[in-house]
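A short write-up of the structure that comes next.
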There are 2 protein chains.
Amino acid sequence: MKIDPIHILKDHDLKHTKQRVRVLEEIAMDSVAISQPELEKKLGKEIDRVTLYRILNAYEEKGILHKIMDMNGTANYAICSPSCSVDHHHDEHVHFNCTNCLKIYCLDVMIPKIKMPAGFTASTVNTTAYGICEKCSVLQSGN
Amino acid sequence: MKIDPIHILKDHDLKHTKQRVRVLEEIAMDSVAISQPELEKKLGKEIDRVTLYRILNAYEEKGILHKIMDMNGTANYAICSPSCSVDHHHDEHVHFNCTNCLKIYCLDVMIPKIKMPAGFTASTVNTTAYGICEKCSVLQSGN
DNA sequence: AATATAAATGCAATTAGGTTGCAAATGTAG
DNA sequence: CTACATTTGCAACCTAATTGCATTTATATT
């Protein structure tokens with residue numbers, strides 16, 4: 001998946017600034033989701049903390065990123081699929097949160113349909129599996 | 001479901017203190033999960049903030065409560081089913097997080113089995129549906 | 001290219017959630 | 001009823017996140 005920050009910004013009516021481009025580049029670099037603290041560590045010299053928060057919020061609202069909370073309540077961000085929009089996030093895939101390295105993966109597994117009890121109307125469903133990821137599993141088995 | 005705090009504490013090798021009993025009582029009062037901030041508001045005069053955190057952590061570890069993170073990364077707590085233990089939490093039901101009143105419900109709906117990609121081993125799976133709950137739905141329709 | 005203007009940024013200060021260390025208070029086994 | 005381990009409360013601290021405001025920057029228009 002090729003990422004073109006400038007195009008993405010234009011498509012979502014966001015001004016093209018170097019901070020915004022940097023954030024998108026950084027998040028697009030890795031296939032796994034990246035946490036706010038990690039982003040801050042990487043971009044802290046170039047971008048102010050507050051600006052980073054504001055950019056991430058803007059991206060989430062516009063449907064550019066989706067936000068995944070890990071078990072500690074830390075925000076993690078990943079690039080949305082192209083079909084996401086302001087109105088609806090289509091990140092209806094399962095997330096995998098490694099309890100060892102803490103990385104969050106977007107799996108290519110759809111969330112099964114869930115039937116809601118009478119009276120409850122779900123607009124989004126979120127599924128996160130916790131366990132040991134591919135990489136950590138290899139490392140632990142002493143390979 | 002009848003809750004007997006004193007019994008629960010004994011069963012889990014926790015000393016019987018009035019703070020611990022109060023926390024259990026408060027959480028058992030409502031059928032929906034209660035957030036840390038709410039608990040603090042209700043019990044803040046009787047119990048120190050730090051003590052509350054420690055009690056909640058102890059309860060989670062012992063399998064008395066399970067912790068559910070909402071979309072803002074706030075911790076919410078609900079009483080576990082009797083089969084929960086230190087080793088394994090059996091809260092494998094779907095949670096419903098109302099985006100209006102922010103309450104979290106434990107639904108009587110099991111989480112479907114999810115097949116993991118090769119290399120990924122899941123020990124727990126968490127599913128949360130976001131939308132409008134029973135009560136808020138009634139209120140909004142002007143009943 | 002110059003400029004007006006609306007939006008984005010950086011900074012300082014603040015709020016809130018959560019943790020740590022330690023002395024005093026409390027529960028419980030003998 | 002005593003001794004001891006545990007729990008509690010307090011003060012201090014850390015990190016995540018937010019707000020208000022002055023300054024800077026992007027861009028549409030001339």
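Chain naming here is simple, since letters A, B, ... match the order of the sequence lines and numbering starts at 1 in each.
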Rounded to the Å, how far apart are [X] [atom1] and [N] [atom2]?
X: A/Y77; N: D/dA16; atom1: OH; atom2: P; result: 12 Å
X: A/D48; N: D/dA22; atom1: CG; atom2: P; result: 17 Å
X: B/L9; N: D/dT7; atom1: CG; atom2: P; result: 11 Å
X: B/N72; N: C/dA16; atom1: CG; atom2: C1'; result: 12 Å
X: B/D70; N: C/dG17; atom1: CG; atom2: P; result: 11 Å

TODO: Hey, which sits more toward the 5' end of DNA chain C by its nearest nucleotide, A/E46 or B/A75?
DONE: A/E46
Open item on the list: Quick check: on DNA chain C, is the nucleotide nearest B/L14 upstream (toward 5') of the one nearest B/N57, or the reverse? Name the residue that is more 5'.
Closed with: B/N57
Using a cut-off of less than 4.0 Å, is there contact between a side-chain N or O of [X] and OP1 or OP2 of [N]?
X: B/R20; N: D/dT7; answer: yes
X: A/T17; N: C/dA7; answer: no
X: A/Q19; N: C/dT9; answer: yes
X: B/Y53; N: C/dG18; answer: yes
X: A/T51; N: C/dA8; answer: no

Task: Between A/H7 and A/H12, ring centroids under 6.0 Å - done: no
Task: Aromatic ring proximity, centroids under 6.0 angstrom, B/F120 and A/Y105 - done: yes
Open item on the list: Does this structure show an ion pair linking B/E26 with B/R22, if we count only N-O contacts that are shorter than 4.0 Å?
Closed with: yes
Task: Base C/dG10 to side chain A/R54, donor-acceptor N/O within 3.5 Å cut-off - done: yes
- [ ] Mark yes or no for a side-chain to base donor-acceptor pair under 3.5 Å between A/R49 and C/dG10, with no hydrogen or angle criteria applied.
- [x] no
TODO: Compare every heavy atom of B/I104 with every heavy atom of B/V32, then report the nearest pair and how far apart it is.
DONE: CB-O, 3.3 Å
Task: B/K15 side chain, from C-beta outward: closest of C/dG18, D/dT7, D/dT27 - done: D/dT7
- [ ] Would you mind listing every salt bridge (Lys or Arg N to Asp or Glu O under 4.0 Å) that reaches into residues 100-118 of chain A, with sequence neighbours excluded?
- [x] none
